[in-house]
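Following: one structure in structure tokens, then a few remarks.
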Amino acid sequence: VQNNMNTLIINNPFTDIYFNLAAEEFLLKNRPENILMLWQNTPSVVLGKHQRVETEINLTYVKDKQIRIARRYSGGGTVYHDLGNLNLTFIENTNVPDFEKYTRKTLEFLNSIGVQAQKDTRLGINIGHLKISGSAQCIYKTRCMYHCTLLYDTNLTALTASLAVSRILPAPKTGYSVASVKSPVTNISKYLQYPPDTDDFKNQVLAFFLNTMPQKQIYNLNPDEINRVEQLKNEKYATTQWIFGKDF
């Protein structure tokens with residue numbers, strides 16, 4: 001696979017989790033270019049493709065706080081998103097995926113703003129023993145997708161409460177499910193002497209990748225693409241069948 005084409009850098013303004021998950025799948029399957037998309041969501045919990053809602057999410061708390069429940073295209077564990085969290089999606093044409101490369105690039109950015117962070121064995125990123133980033137990956141034909149969270153100024157109380165599940169359910173009768181690996185978390189903003197607000201932090205991330213990627217262009221989804229993403233959202237990501245129907 002030739003990988004000498006432009007990287008489209010998308011500063012995604014949409015904050016609807018279902019739209020954004022649909023946008024990832026649409027870009028993975030329908031664009032030929034390499035892509036970096038930055039995006040945020042209003043409060044949501046996002047399950048990996050092979051997870052059970054009841055064993056990952058505190059449904060009482062989530063419903064009470066009107067936090068949305070979503071399921072993504074990739075595997076991995078359940079994560080909490082809000083507007084204090086920034087998501088990075090890297091999509092690349094390759095026959096030999098090197099998912100560590102994206103973790104290293106994210107670490108380079110953090111080091112550039114003075115945050116001393118380290119990657120762990122599961123391609124997460126930690127400050128000391130506290131997690132600030134989790135990632136998941138998937139492959140589609142000759143394209144791979146790696147996405148990660150960056151906890152910047154997230155409501156950690158809501159994060160912890162949303163993912164606090166007390167009861168252990170029996171093993172599924174059919175199929176299989178993957179349990180999340182729980183980790184204590186922290187916010188990046190805590191480690192900056194003069195923390196900018198989340199929008200300025202997002203602009204710092206954007207500037208870093210614009211400066212360090214060789215061939216790139218800023219790109220926005222066009223009206224036709226937005227319509228197609230909306231259609232995928234309505235037919236798949238926002239449906240009860242996709243979110244809950246995969247419970248085993």
Side-chain angles (χ1 to χ4, degrees), residues 1 3 5-53 56-57 68-81 85-95 97-99 101-103 106 123 133-150 175 177-178 180 209 217-247:
V1 173
N3 199 11
M5 58 175 61
N6 264 1
T7 297
L8 304 183
I9 298 186
I10 302 172
N11 187 2
N12 175 353
F14 299 98
T15 58
D16 172 356
I17 183 62
Y18 305 123
F19 179 92
N20 288 335
L21 292 173
E24 283 191 312
E25 183 180 339
F26 174 81
L27 292 165
L28 176 70
K29 293 183 174 179
N30 294 285
R31 295 291 313 202
E33 303 91 345
N34 300 324
I35 288 161
L36 167 62
M37 182 168 75
L38 277 62
W39 48 292
Q40 291 164 285
N41 298 303
T42 54
S44 315
V45 280
V46 187
L47 292 132
K49 192 173 190 175
H50 304 293
Q51 294 197 296
R52 301 171 74 195
V53 173
E56 297 295 333
I57 295 170
R68 296 169 115 183
I69 300 172
R71 186 184 296 275
R72 62 179 178 269
Y73 185 72
S74 64
T78 301
V79 289
Y80 173 86
H81 291 184
N85 169 68
L86 181 62
N87 303 291
L88 277 62
T89 299
F90 296 89
I91 298 173
E92 190 172 43
N93 294 298
T94 178
N95 284 321
D98 173 15
F99 293 121
K101 175 174 74 176
Y102 311 111
T103 311
T106 308
L123 300 185
S133 173
S135 69
Q137 309 82 34
C138 62
I139 295 169
Y140 174 75
K141 296 184 177 177
T142 55
R143 281 166 78 72
C144 71
M145 179 168 78
Y146 166 102
H147 44 195
C148 68
T149 55
L150 279 178
S177 64
V178 177
S180 295
F209 284 104
Q217 67 181 96
I218 292 278
Y219 184 78
N220 296 309
L221 296 174
N222 63 44
D224 174 60
E225 288 172 327
I226 289 171
N227 286 337
R228 290 173 69 189
V229 171
E230 282 283 354
Q231 185 179 354
L232 182 58
K233 165 194 152 175
N234 293 330
E235 291 176 359
K236 180 177 180 177
Y237 285 95
T239 66
T240 306
Q241 176 61 29
W242 172 253
I243 300 163
F244 293 96
K246 295 178 75 70
D247 268 351

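Index from 1, following the sequence.
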Going through the checks in order, is the ring-ring contact (aromatic ring centres under 6.0 Å, His included) test met by W242 and Y237?
-> CA-CA 6 Å; W242 172 253; Y237 285 95; 5.6 Å; yes

For N85 and N87, what are the C-alpha separation, side-chain angles and deciding distance, and is it a side chain to side chain donor-acceptor pair (under 3.5 Å)?
-> CA-CA 7 Å; N85 169 68; N87 303 291; 3.1 Å; yes

Where do N41 and N20 land on the side chain to side chain donor-acceptor pair (under 3.5 Å) test, with the steps shown first?
-> CA-CA 8 Å; N41 298 303; N20 288 335; 2.8 Å; yes

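The structure places OG1 of T103 at 4.0 Å from CG of L123, a figure rounded to the nearest 0.5 Å. The CD1 atom of I17 lies 12.0 Å from the CD1 atom of I69; values are rounded to the nearest 0.5 Å. In this structure, the separation between CG on L36 and CG on N12 is 11.0 Å, given to the nearest 0.5 Å.
Partner of C148 under the side-chain contact (heavy atoms from CB on, under 4.5 Å) criterion, chosen from L86, T106, T89: T106.
A side-chain donor-acceptor contact under 3.5 Å links Q217 and N6. Counted by atom type alone, E24 and H147 present one or more donor-acceptor pairs between their side chains at under 3.5 Å.
K236 meets the salt bridge (Lys or Arg N to Asp or Glu O under 4.0 Å) test with E25; sequence neighbours excluded. Here S135 pairs with Q137 under the side chain to side chain donor-acceptor pair (under 3.5 Å) rule; sequence neighbours left out.
Scanning all heavy atoms of the two residues, the minimum distance from T78 to Q51 falls at OG1-OE1, 2.7 Å.
Annotation: cation-pi pair R31/Y219 present, NZ/CZ under 6.0 Å from the ring centroid and within 45° of its normal.
Ring geometry for F90 versus F209: interplanar angle over 60°, hence perpendicular rather than tilted (30 to 60°).
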